[in-house]
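What you see below is based on every heavy atom in this structure, not just the backbone, and it leaves out hydrogens, waters and symmetry mates. Each chain gets a letter, A, B and so on, in the order its sequence line appears, and its residues count up from 1.
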Amino acid sequence: MEPLRLFDTLSRQLKPFSPVVPGTVGVYTCGPTVYDYAHIGNLRAYVFADILRRVLEYNGYQVRHVMNITDVGHMTSDSDDGEDKMVAGARRERKSPEELAAMYTGAFFADLALLNIKTPHVVCRATDHVPEMIAVTRRLLELGHAYEIGDGIYFDISTFPSYGSLARLDLQGQQAGARVEVNREKRHPADFALWRRADPSHLMQWDSPWGKGYPGWHVECSAMGMKYLGDRIDIHTGGIDHVPVHHENEVAQSDAFAGHRVVQLWMHNEFLLVDGGRMAKSLDNFYTLTQLTERGYHPLSYRYFCLNAHYRSKLNFTWETLAGAQTALERLWGRVAQLAGDNGPRVESLEAELRQRFQAAVNDDLGTPQAMAVLWEVVRKEVPSGSAALLLSEFEAVLGLDLDRAPARRVGSTGEVPLEVKELVAERARARKARNWPLADALRRRIEELGFVVSDTPDGTTVQPAR
RNA sequence: GGCGACAUAGCCAAGUGGUAAGGCAGCGGUCUGCAAAACCGCUAUCCCCGGUUCGAAUCCGGGUGUCGCCUCCA
């Protein structure tokens, strides 16, 4: 089997993977801030993390996957000013922060399930771990890595010499061009909040050694990551946008706290673009998975779409491409249905070769595009049916495209067909029986004008809404 | 203004020195009363210019363009 190599954000290199404890892997994934619905760009990050987990499992590792749910502390600006996104969201929707979090957490996991993303073994909410965050903050104060000012406790990056190495920040340059500081008490513009004091009207606050307040955003991942995975975490994943601020700060906190490097390997997925540019609410291209399904697309079509590109490449979403992914996926499902439980002929040497190429692809930094090419070879080329059935079920463990769930399904809804259409279909059936082809064709056109498609298959005639 | 990434067929996207994966669309064919589905086959010399090399999409330099982040402005 090809050795597993993964790209490390810190060194910007492919590294042979080797866990701290042989045979087991701890993975921490930065989860969502649950103040709104996840959009498909967010979801790409979780498809990526899921593929990582599945590839690790495919390689025989026992994986422990942890993901946080941010329900407090994430400010509307990365520079610690602005408002807590949860508080702002709660006001926007006239709900309590708890209600807001419950609602969007539920929606988030519903999306993950539809995308065949395995639920992490541990899902932890920030608000359930305030004592742990306070403990980390207290320790950082004791160690001299943090200081207290008027509005809270801040991490002192001058005490962490390698600060900036993850994102390769040029602190000198940044300092030279420093903007006007909102908080003049901070010793360095890049110092960040561990704990913020809150005035009595603030919606979310907890008791702490420093008075009532709430935790800074970054500290939750340090506290929960170490709680559930120990102070040597094999892999930490997240979107590439988290590198410069969130993860840079997390490294500083965690490593300063533990006295050594905590995260062994940082992995980040690139952004999803829409129509060649950034997703933005103002551009009306801020799609959710629900919107995709409302347009008649199967959620797994989006997963297929993601797998077709490498996780470290920007991926351009267009409706045309999604439609292409859906067509391809439907064809795969059709083939799977034919092969289900096939005990037909096998050629083991061919199986071994295809399996080897698939493994080499996914083990080379999660090369899903190449893996998909191998999949299509299994499906298309002259691979004996027994071998194809076997390989498909093996590959499914990594790809998660429902290739093991025969019989085939059609995506198009089989929903209500109007009586008018049903009557036309019946009339057409009589015309066909009478071999009155001109009438049958005319009826087909009438049915199509009403938005439905008739298909004559070996199993009979079917009607479906046109897409 | 600074930093970084990218530029491969109509669309999406692999490939990082040895002569262009895969999917969708399109075209041709088989099948079908017709159509659909399915299946088979076909379709690119890699943004431009220069350089290195026996050989470059792949390396170097210069352009152009796109995207992202930061900053500034507002």
Side-chain angles (χ1 to χ4, degrees), chain A residues 9 12 14 41 77-79 164 167-180 189-190 239-246 248 268 270-280 301-302 304-335 337-338 357-358 360-361 364-382 401 408 410 412 428 431-445 447-448 452-459 461-464 466-467:
Chain A
T9 302
R12 314 279 156 106
L14 285 172
S77 158
D78 273 339
S79 54
R168 315 217 157 158
L169 300 176
D170 177 4
L171 289 177
Q172 300 303 321
Q174 288 200 336
Q175 202 165 12
R179 57 178 175 243
V180 177
I240 196 164
D241 54 322
H242 283 153
V243 174
V245 176
H246 184 49
E248 196 67 66
H268 296 93
E270 252 293 355
F271 260 85
L272 181 80
L273 306 179
V274 170
D275 295 328
R278 184 167 167 69
M279 237 186 294
S301 298
Y302 179 67
Y304 183 102
F305 164 81
C306 289
L307 264 43
N308 216 28
H310 189 81
Y311 76 92
R312 280 193 289 119
S313 296
K314 291 184 182 71
L315 175 57
N316 188 23
F317 176 89
T318 64
W319 290 105
E320 183 186 358
T321 307
L322 184 64
Q326 176 134 313
T327 302
L329 184 56
E330 286 180 339
R331 285 191 182 148
L332 281 178
W333 284 341
R335 181 71 173 133
Q338 291 173 3
R357 285 170 51 209
F358 182 86
D364 182 15
D365 196 30
L366 315 183
T368 52
Q370 297 93 327
M372 294 297 283
V374 177
L375 175 69
W376 277 101
E377 235 178 281
V378 169
V379 165
R380 285 240 192 265
K381 296 289 167 56
E382 291 136 15
L401 290 170
R410 290 269 142 241
R428 177 170 171 276
R432 292 186 70 218
K433 196 161 187 179
R435 307 186 74 81
N436 184 346
W437 309 130
L439 177 59
D441 291 347
L443 288 166
R444 172 196 292 284
R445 279 193 298 277
I447 294 165
E448 285 171 350
F452 288 83
V453 176
V454 222
S455 303
D456 305 318
T457 75
D459 300 326
T461 299
T462 67
V463 201
Q464 290 194 320
R467 255 198 287 130

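- Taking a pair to require two hydrogen-bonding distances under 3.5 Å in either a Watson-Crick or a G-U wobble arrangement, B:U53 remains unpaired.
- With a 3.5 Å ceiling on both atom-pair distances, B:C46 lacks any Watson-Crick or G-U wobble partner.
- Remark: the separation of the P atoms in B:C49 and B:A35 is 46 Å, to the nearest Å.
- The separation of B:A56 from B:G17, taken at their P atoms, amounts to 14 Å, rounded to a whole angstrom.
- Residue-to-nucleotide proximity on RNA chain B shows that, of A:Tyr304 and A:Asp364, the 5′-proximal contact is made by A:Asp364.
- The side chain of A:Arg432 lies closest to B:C34 when the candidates are B:C24, B:G22, B:C34.
- Smallest separation of non-hydrogen atoms from A:Ala361 and A:Gln370: CB-CB, 3.7 Å.
- Here the CG-OG1 distance, from A:Asp275 to A:Thr321, works out to 9.5 Å after rounding to the nearest 0.5 Å.
- A salt bridge (charged side-chain N to carboxylate O under 4.0 Å, His left out) check over residues 308-318 of chain A, counting only residues at least two apart or in different chains, returns the pairs A:Glu270-A:Lys314, A:Arg312-A:Asp365.
- Among residues two or more places apart in sequence or in another chain, the ring-ring contact (aromatic ring centres under 6.0 Å, His included) test is passed with A:Tyr302 by A:Phe305.
- The residue among A:Arg357 and A:Gly324 whose nearest nucleotide of RNA chain B is located toward the 5' end is A:Arg357.
- Pair assignment for B:C69 gives B:G2, based on Watson-Crick or G-U wobble hydrogen-bonding distances that are each under 3.5 Å.
- In a base pair of the Watson-Crick type (N1 to N3 plus N6-O4 or O6-N4) or a G-U wobble (N1-O2 and O6-N3), with each distance short of 3.5 Å, B:A7 is matched with B:U64.
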Sugar-phosphate or base contact per nucleotide [nucleotides 7-14 of chain B; S, B, -; heavy atom under 4.0 Å]: ---BSBSS

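- Residue A:Arg428 is in base contact, counting any heavy-atom pair closer than 4.0 Å across all strands shown.
- Put simply, CG on A:Asp441 is 5 Å from C1' on B:C34, counting in whole angstrom units.
- Remark: B:A14 base-pairs with no nucleotide in the shown strands. Criterion, Watson-Crick or G-U wobble with two distances under 3.5 Å.
- In this structure B:C27 sits in a base pair with B:G41, meeting the Watson-Crick or G-U test at under 3.5 Å.
- Nucleotides B:A25 and B:A13 are separated by 14 Å at their C1' atoms, to the nearest Å.
- Taking 4.5 Å as the limit, some side-chain heavy atom of A:Leu332 sits within range of a side-chain heavy atom of A:Tyr304.
- Within the structure, a side-chain polar atom (N or O) of A:Arg380 is placed less than 4.0 Å from OP1 or OP2 of B:G23.
- Using P as the reference atom, B:C59 and B:U16 are 10 Å apart when rounded to the nearest Å.
- When all heavy atoms of A:Leu315 and A:Cys306 are compared, the closest pair comes out as CD2-CA, 3.9 Å.
- Comparing the same atom, C1', in B:C47 and in B:A38 gives a spacing of 39 Å after rounding to whole Å.
- In the set B:A36, B:C34, B:C24, B:A36 carries the atom at the smallest distance from any side-chain atom of A:Ser455.
- Phosphate contact (OP1/OP2 of B:A25, side-chain N/O of A:Arg331, threshold under 4.0 Å): present.
- Comparing the P positions of B:G26 and B:A37 gives an interatomic distance of 9 Å, to the nearest angstrom.
- Applying the 5.5 angstrom centroid cut-off and the 30 degree plane-angle cut-off, the aromatic ring of A:Trp376 is not stacked upon the base of B:G22.
- Taking atom CG of residue A:Asp275 and atom P of nucleotide B:C67, one finds them 12 Å apart after rounding to whole Å.
- For the pair A:Arg428 (side chain) and A:Arg444 (backbone), a donor-acceptor distance under 3.5 Å is absent.
- Spacing between B:A7 and B:G41 at atom P, rounded to whole Å, works out to 30 Å.
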